[in-house]
Amino acid sequence: MPDTPTTTLDITTTAPGDEGPGTTSTTSGTDTGTDAAGTTTGATECGNGVVEDDEACDDGLSGNDNNRFCTADCTLNVCGDGKLFVGWELCDEGAANSDEYGSLCAEDCQPGARCGDHKLQKEFETCDLGLENGGQKGDNQGILCDTSCRAQQLRGFITNDGFTGALDGLFGADLKCKAAATAAGLASPERFHAYLSTADVDAKDRFDKVVASLPYVLVTGKKFAEMVPEQNAAGPLGEGISVTEYGSTLYETYVATNTAPGGISFSPEENCLGWSSAKPDYTGRVGFSALPIDSPDAMAWQAEQWWTGVKSRQCDKAVFHLYCLEL
């Protein structure tokens with residue numbers, strides 16, 4: 001039997017430090033990548049389609065994407081990572097996600113509460129008509145909403161409390177309106193003033209700086225006047241100014257006015273001495289605040305404008321409520 005050819009692999013080495021000029025160190029062989037136990041090893045590779053130990057997912061090079069279930073670095077796409085998961089999240093601002101008003105993106109990766117989302121945030125907005133903000137259509141009462149979610153309206157109420165005729169004059173009556181609004185937690189309470197006349201001051205002149213085109217609404221949001229001039233001339237709409245600063249209904253209540261239809265002073269005498277006296281010797285002209293629509297007197301109340309004047313009461317009686325309107 002012929003001898004089997006034998007190939008000899010020569011390896012020439014030089015001990016470290018013994019290399020000299022022209023000396024060659026030759027090594028032949030292949031790195032097998034084996035560990036001490038002889039097992040083949042290799043680094044993991046994101047994108048090979050195999051979920052390996054240090055990966056949460058791997059959908060391959062064509063499936064991994066920062067807008068999909070598995071991101072480009074083989075981690076799961078979750079809300080709050082700043083990577084928009086298309087089809088599941090509407091937004092994702094990462095650490096900036098917040099449920100605070102005005103946030104671009106909420107903590108659940110849905111658009112945050114903000115002006116223009118067509119959802120009324122009562123703590124921050126008085127209206128929100130969505131795409132109709134800033135338009136000319138308005139809500140179901142025709143009240144417009146501007147682009148900062150402020151309703152184009154003014155508010156009014158009847159005071160929950162009644163007073164004697166000693167209101168400390170017009171200034172004191174205004175303070176009572178402001179105090180009532182403050183106690184009820186109404187925004188901008190300083191803007192409320194009493195709809196009230198003395199012998200020489202007409203109620204209409206106290207509101208002559210009001211924007212004529214703005215409607216008046218109760219604090220509950222129901223419109224009771226298209227604008228001040230119309231209210232002065234024809235009286236309030238519907239049941240009238242029937243709601244207190246707290247939002248409760250108050251019918252058939254006397255209200256200090258000394259005001260005739262048109263907003264002018266009714267009498268030089270019937271104003272409790274300029275709304276400064278609680279003596280029974282003086283009287284004050286009162287209106288009748290509101291009546292239910294189905295009241296048998298509702299038509300007369302509207303036609304004869306009882307809201308602003310119906311009779312006179314002695315000034316020592318604590319029956320004088322106030323109409324408080326916003327300027």
Ignoring hydrogens and geometry, is there a side-chain-to-backbone donor-acceptor pair from [X] to [Y] under 3.5 Å?
| X | Y | answer |
| --- | --- | --- |
| D128 | C149 | no |
| D58 | G60 | yes |
| R155 | A187 | yes |
| S265 | T198 | yes |
| S289 | T253 | yes |
| N77 | N66 | yes |
| S242 | A290 | no |
| D117 | R114 | yes |
| T182 | K178 | yes |
| T259 | G263 | no |

Using the rule that two of Ile, Leu, Val, Met, Phe, Trp, Tyr join whenever any of their side-chain heavy atoms come within less than 4.5 Å, decide whether [X] and [Y] are in one cluster.
| X | Y | value |
| --- | --- | --- |
| L218 | L322 | yes |
| V286 | F266 | no |
| L170 | I158 | yes |
| L167 | V319 | yes |
| L214 | V217 | no |

task: Check G130 against H118 and note the closest heavy-atom contact, atom names and distance.
output: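 For G130 and H118, the tightest heavy-atom pair comes out as N-CD2, 3.5 Å.
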Name of the residue among W301, W306, W307 meeting side-chain hydrogen bond (donor to acceptor under 3.5 Å, both in side chains) with E304: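 Single pass found, and it is W306.
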field: side-chain hydrogen bond (donor to acceptor under 3.5 Å, both in side chains) assessment of E269 paired with Y282
entry: CA-CA 8 Å; E269 290 87 23; Y282 298 103; over 6 Å; no
So how far is it from [X] [atom1] to [Y] [atom2], rounded to the nearest 0.5 Å?
| X | Y | atom1 | atom2 | answer |
| --- | --- | --- | --- | --- |
| N48 | C74 | CG | SG | 7.5 Å |
| S197 | N271 | OG | CG | 9.0 Å |
| C91 | L84 | SG | CG | 8.0 Å |

Tell me if the [atom1] atom of [X] is crowded by more than 12 foreign heavy atoms within 6.0 Å.
| X | atom1 | answer |
| --- | --- | --- |
| F171 | CZ | no |
| F69 | CZ | no |
| I293 | CD1 | yes |
| F85 | CZ | yes |

message: Walk me through whether E245 and N160 qualify under side-chain contact (heavy atoms from CB on, under 4.5 Å).
response: CA-CA 7 Å; E245 65 270 29; N160 185 71; 3.6 Å; yes
message: Tell me whether the NZ or CZ atom of K223 lies within the 45° cone about the ring axis of Y216 and under 6.0 Å from its centre.
response: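 Negative - K223 is either too far from the ring of Y216 or too far off its axis.
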- request: Ignoring hydrogens and angles, state whether a donor on the side chain of K317 or Y254 is under 3.5 Å from an acceptor on the partner side chain.
  value: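 Not at all, the side chains of K317 and Y254 share no donor-acceptor pair under 3.5 Å.
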message: Would you say S295 and D297 are linked by a side-chain donor-acceptor pair, where the criterion is simply a distance under 3.5 Å?
response: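 No - no donor-acceptor pair under 3.5 Å links their side chains.
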query: Using 4.0 Å as the upper bound for N to carboxylate O, is an ion pair formed by E132 and K137?
result: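 Result for this pair is no, no salt bridge flagged.
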query: Do K176 and D161 sit within salt-bridge range, that is, some charged N less than 4.0 Å from a carboxylate O?
result: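 No salt bridge links K176 with D161.
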- prompt: For the residue pair F320 and W275, does the interplanar ring angle fall in the parallel (under 30°), tilted (30 to 60°) or perpendicular (over 60°) class?
  reply: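 Geometry flag for W275 against F320: perpendicular rings.
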- request: Test Y195 against every option in L325, I241, V255 by the side chain to side chain contact (heavy atoms under 4.5 Å, CB included) rule and name the one that passes.
  value: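 One option only clears the test, and that one is L325.
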Pair F192 + F157: ring centers closer than 6.0 Å: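 When the ring centroids of F192 and F157 are compared, they turn out to be within the sub-6.0 Å range.
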